[in-house]
4 protein chains.
Amino acid sequence: MSTATMLIYCPDEKGIILSVTNYISANNGNIVDLDQHVDSEQKIFFMRVEWTLSDFNVPRENIGTHFGSEVAQKYQMQYTVHFRDEKIRMALMVSKMDHCFNDILSRYKSGEWNVEIPLIISNHPEMEETANRFGIPYHYIPVSKQTKVEQEKKQLQLLSDNKIEFVVLARYMQILSENFIKDYSNPIINIHHSFLPAFPGAKPYHSAHERGVKIIGATSHYVTKDLDAGPIIEQSTANISHKDRVEDLVRKGRDIEKVVLSRAIWYHVNRRILSYGNRTIIFD
Amino acid sequence: MSTATMLIYCPDEKGIILSVTNYISANNGNIVDLDQHVDSEQKIFFMRVEWTLSDFNVPRENIGTHFGSEVAQKYQMQYTVHFRDEKIRMALMVSKMDHCFNDILSRYKSGEWNVEIPLIISNHPEMEETANRFGIPYHYIPVSKQTKVEQEKKQLQLLSDNKIEFVVLARYMQILSENFIKDYSNPIINIHHSFLPAFPGAKPYHSAHERGVKIIGATSHYVTKDLDAGPIIEQSTANISHKDRVEDLVRKGRDIEKVVLSRAIWYHVNRRILSYGNRTIIFD
Amino acid sequence: MSTATMLIYCPDEKGIILSVTNYISANNGNIVDLDQHVDSEQKIFFMRVEWTLSDFNVPRENIGTHFGSEVAQKYQMQYTVHFRDEKIRMALMVSKMDHCFNDILSRYKSGEWNVEIPLIISNHPEMEETANRFGIPYHYIPVSKQTKVEQEKKQLQLLSDNKIEFVVLARYMQILSENFIKDYSNPIINIHHSFLPAFPGAKPYHSAHERGVKIIGATSHYVTKDLDAGPIIEQSTANISHKDRVEDLVRKGRDIEKVVLSRAIWYHVNRRILSYGNRTIIFD
Amino acid sequence: MSTATMLIYCPDEKGIILSVTNYISANNGNIVDLDQHVDSEQKIFFMRVEWTLSDFNVPRENIGTHFGSEVAQKYQMQYTVHFRDEKIRMALMVSKMDHCFNDILSRYKSGEWNVEIPLIISNHPEMEETANRFGIPYHYIPVSKQTKVEQEKKQLQLLSDNKIEFVVLARYMQILSENFIKDYSNPIINIHHSFLPAFPGAKPYHSAHERGVKIIGATSHYVTKDLDAGPIIEQSTANISHKDRVEDLVRKGRDIEKVVLSRAIWYHVNRRILSYGNRTIIFD
């Protein structure tokens with residue numbers, strides 16, 4: 001069953017839900033899911049609505065503009081339209097640590113997400129073999145201080161050539177330059193191995209051990225130009241104790257990282273995230 | 001700001017959300033919260049909607065019947081209407097264990113819930129002193145096998161005289177008779193000290209210890225005639241280890257029980273629960 | 001650095017710790033880890049002690065008997081001796097679901113556990129390809145009611161030929177016969193997709209959905225002749241809501257299953273489990 | 001059954017466990033609990049050992065010095081001796097928020113901890129009534145910038161007069177001066193309403209909301225002169241969502257704060273904490 005999903009936000013005012021539901025019903029769509037949220041401080045209205053396409057009067061390629069003139073304009077809505085039967089094109093960027101990488105490829109293969117992974121980019125050669133097994137082109141693009149500008153251009157070209165709709169940094173151990181982030185206009189999801197905002201930057205497990213915390217965590221977030229400061233999608237924590245050395249934190253942390261990153265991907269792929277300011281609305 | 005909240009369920013079909021939002025808008029209400037759920041297996045539609053009353057055209061005492069004839073009838077809706085500025089009348093039933101009891105009274109006093117507690121019923125005298133401190137009438141009604149029928153009548157009379165809208169069993173160690181449950185038509189919330197359906201009935205911590213589980217839990221649920229088998233509202237668990245003796249489980253369990261019961265009360269008081277069949281929809 | 005680990009239990013009495021530590025010190029071992037537990041109800045003493053072998057006076061192959069005559073006999077100890085530098089031989093049994101399988105192989109490859117996996121047994125052919133990729137012999141042994149006795153003999157022969165020290169059922173969807181369990185004298189670890197003792201047997205996610213629980217869980221346990229009733233090693237839970245259909249429980253459950261099973265394997269491989277009666281002591 | 005508990009740390013070397021257990025056995029004590037930890041980086045040995053006093057040869061008042069000369073000196077041990085049958089004297093400092101305060105008093109009354117609370121100190125008068133109910137002297141000592149030095153002297157005098165062995169800051173909203181912390185040589189336990197090191201200082205729930213985190217937390221720690229930077233005893237987190245306003249975080253956070261603080265008190269009272277450098281060893 002094919003459906004359309006719309007993610008909407010706009011200044012809050014009376015009658016928005018009515019207008020949207022009215023539009024869908026009037027065009028013979030049947031709403032299968034509707035969730036909304038009002039940020040009452042900032043007076044912003046957020047909505048996710050999904051409806052069946054089978055009898056819908058507006059052809060899918062016209063929905064965007066049609067909804068725009070019929071409804072969105074009136075309320076100054078920002079909105080995007082997505083179709084469940086269209087696979088999203090995702091790229092993976094990895095370095096040497098393979099736990100998130102392996103977990104993602106296993107889920108990919110088992111069809112857990114409605115995505116296509118046309119390429120993997122890495123600054124190390126180690127994971128090429130695994131990529132080959134899954135039949136995914138692997139681009140080894142080493143990055144050094146000197147070559148960064150040039151190499152990022154190659155990366156951006158690859159993302160563009162492959163029409164990548166979002167990038168997942170699966171423990172990619174290079175900081176993307178501001179330029180990269182500006183040039184690549186689609187979302188980039190990162191996994192950071194701490195419960196942000198604690199322990200941003202390098203070696204969070206070492207810092208956690210040093211500080212003597214009793215919980216560790218992981219955070220998936222959209223990448224912005226500010227390191228580890230983008231909108232948070234998902235977080236989780238695990239209990240640790242004084243018995244845990246740094247290497248135990250690394251081991252225990254891997255299990256959280258895998259789950260937190262894969263949940264973020266799931267939300268993103270299922271069009272359940274609205275990012276606004278530095279926050280995310282997760283329609284779960 | 002006063003609001004009306006409606007909880008609705010009915011067979012799923014096209015146009016329900018539209019009809020409800022239309023009704024509210026047409027009568028000059030502003031929706032402040034809307035959440036819906038479709039049970040796609042059973043084809044049932046569930047909805048919670050809250051709107052402002054300040055400019056609403058229909059007087060609050062007429063909303064029920066007016067909505068009934070205008071909307072509900074058409075869709076065979078079951079629905080209830082509630083008003084945020086009206087305190088709900090809640091009764092507490094307790095025995096000897098005081099952790100949930102104390103926790104509830106502390107929250108009550110601090111105004112965490114929009115409730116009035118006009119009475120406490122107990123089959124033991126121990127907590128009268130605490131009840132007195134909070135200025136709540138305490139009814140000591142001892143129950144034995146022989147006196148159960150008669151004593152339950154007294155209890156029911158008290159609930160009726162005090163117009164009690166829901167009862168909370170805060171570790172009340174008597175099983176209410178089928179008759180009681182049938183006669184008292186309003187909701188009864190219980191806290192059971194296990195993650196149901198594991199370890200129903202008496203002494204769940206002993207059973208948990210005996211079985212050697214690594215987690216314990218607590219479950220709040222609506223009471224039905226089947227012991228510990230009513231619709232579950234909230235559950236939580238905590239990790240334990242082989243070091244924990246039964247008394248440690250009891251100690252650790254108390255902390256879960258308190259939180260799980262108080263969350264259930266919060267959901268209930270805020271009209272966020274729709275109970276259907278043996279399940280609950282929690283609009284959180 | 002090579003170490004010996006001893007797991008001990010015996011009737012509790014005075015002086016046991018002293019005797020054990022004395023034995024190790026007297027033979028020039030340095031204790032690097034010691035943990036003990038007393039079941040004060042049953043008056044049983046449990047201990048895990050690990051010490052360095054570099055300067056230890058007793059050759060590793062003699063430690064068992066030497067400790068036996070010097071210490072164990074006096075206290076009627078049950079004990080086992082293990083060496084950290086010796087890889088444990090583990091077999092995997094799988095069916096069609098591959099999430100635990102893939103997760104285990106990824107961890108295996110990355111060296112997370114000190115194990116050797118000389119073979120995989122399955123009643124389905126689907127995972128042979130993956131096994132091949134990891135270079136592990138895959139034995140496809142289909143099982144039907146009629147062939148079960150005979151096929152289990154083959155399985156037992158393989159386990160014996162390969163000197164398998166413990167078996168992991170990674171969502172193996174066949175119930176091992178009482179005979180199998182009796183004949184294979186080494187530990188078998190299973191993952192069950194519920195928080196036991198709730199929902200034993202088949203289709204626990206369906207039962208969980210049916211019952212309307214608000215948490216789901218997973219349990220790893222040693223296999224005994226009683227289905228899903230063996231000593232529990234590890235359990236974990238996750239919150240769910242009314243929005244989750246059975247397929248969502250399956251999806252969310254997979255993430256718990258993977259982690260819970262891998263933790264059980266970690267404990268087992270690191271000789272941190274003492275199983276006694278129907279319970280486990282986990283020296284974490 | 002009366003027991004002695006010793007908390008010990010010293011440079012790690014061979015034979016420490018043996019010496020301690022030997023000492024206890026030689027003097028006819030029976031070890032009921034022993035736990036040890038080695039910080040292998042810093043080469044420090046930590047131990048908690050508890051033994052029966054009934055037949056112990058050394059009178060309790062002499063154990064400290066006797067053990068000192070017999071064992072501790074040789075290993076340069078830092079150690080403390082405690083007796084389970086001696087109640088610890090605890091003071092409470094509070095301001096206006098009463099959830100931790102009420103929770104602590106309920107647990108105190110139910111005998112959950114082996115403590116005596118001879119006094120409550122507050123910079124506000126609001127909780128005097130509750131203190132009176134529990135029969136605990138309440139000292140209202142308002143603090144302003146101008147009066148802080150003088151008022152802290154009064155507080156210190158009260159703690160000293162009442163032989164207070166540890167202080168609990170149950171959401172006491174004043175920062176204790178460096179002087180206070182230096183002058184009061186016994187432990188002070190604080191509850192901070194965030195998962196430190198994230199969001200130290202004032203208004204952590206506001207900061208958490210602002211940052212858009214998906215989890216909130218609470219941290220209990222020993223107070224040192226560096227604000228919110230002392231050794232962490234216990235932490236816990238709870239999931240939140242975009243729906244939660246600051247006031248929801250406050251409400252949900254209260255439940256974590258209560259549990260985290262009470263667990264810290266439990267560990268402290270049961271002599272299960274060894275604080276070393278800026279970390280704690282929790283013998284649970």
Side-chain angles (χ1 to χ4, degrees), chain C residues 1 3 6 8 10-57 71 74-75 84 214-215 237-241 243 252 272 281-284, chain D residues 1 3 6 8 10-57 71 74-75 84 214-215 237-241 243 252 272 281-284:
Chain C
M1 185 189 68
T3 61
M6 213 182 265
I8 302 168
C10 61
D12 189 29
E13 57 178 291
K14 266 192 199 178
I16 301 175
I17 298 176
L18 181 65
S19 296
V20 174
T21 55
N22 213 359
Y23 170 82
I24 294 168
S25 294
N27 289 292
N28 216 26
N30 187 31
I31 293 172
V32 292
D33 204 19
L34 181 154
D35 204 355
Q36 57 88 43
H37 171 67
V38 175
D39 184 323
S40 48
E41 284 164 43
Q42 302 195 52
K43 311 281 183 211
I44 320 248
F45 176 89
F46 302 90
M47 189 178 192
R48 181 187 186 274
V49 60
E50 187 172 357
W51 69 92
T52 55
L53 281 178
S54 46
D55 300 323
F56 201 59
N57 293 335
V71 183
K74 182 180 167 196
Y75 296 99
R84 193 167 275 281
K214 300 297 184 188
I215 48 172
T237 55
N239 296 325
I240 57 161
S241 83
K243 295 180 196 168
K252 293 182 174 182
R272 295 187 168 277
I281 315 297
I282 308 287
F283 296 108
D284 65 345
Chain D
M1 184 190 67
T3 61
M6 212 182 268
I8 301 168
C10 61
D12 189 30
E13 56 178 291
K14 266 192 198 177
I16 301 175
I17 299 176
L18 181 65
S19 296
V20 174
T21 55
N22 212 0
Y23 170 82
I24 294 168
S25 294
N27 288 292
N28 216 26
N30 187 30
I31 293 171
V32 292
D33 204 17
L34 180 153
D35 204 354
Q36 58 89 42
H37 171 66
V38 175
D39 184 322
S40 48
E41 283 165 44
Q42 303 195 52
K43 311 282 182 209
I44 320 246
F45 175 88
F46 301 89
M47 189 177 191
R48 181 187 187 274
V49 60
E50 186 172 356
W51 71 92
T52 55
L53 282 177
S54 47
D55 300 322
F56 200 59
N57 292 335
V71 183
K74 182 180 166 195
Y75 296 100
R84 191 167 277 283
K214 300 298 183 187
I215 47 172
T237 55
N239 296 326
I240 57 162
S241 83
K243 296 180 196 167
K252 292 182 173 182
R272 295 187 168 277
I281 315 296
I282 307 286
F283 296 109
D284 66 345

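All chains are named by letter (A, B, ...) in the order of the sequence lines, taking the proteins before the strands, and each is independently numbered beginning at 1.
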#### Entry: Lys243(C) NZ: over 12 foreign heavy atoms closer than 6.0 Å
yes
### Members of residues 19-30 of chain C whose heavy atoms come closer than 4.5 Å to chain D
Thr21(C), Asn22(C), Ser25(C), Asn28(C), Gly29(C), Asn30(C)
### Task
Specify the closest pair of heavy atoms between Gln36(C) and Leu34(D), including all atoms of both residues, with the distance to one decimal.
NE2-N, 2.7 Å
### Query
Just one of Ile17(C), Leu18(C), Val38(C) clears the side chain to side chain contact (heavy atoms under 4.5 Å, CB included) bar with Ile31(D), so which one?
Ile17(C)
### Task
With a 4.5 angstrom heavy-atom cut-off, could you sort out which part of Asp12(C) is near chain D: side chain, backbone, both or neither?
neither
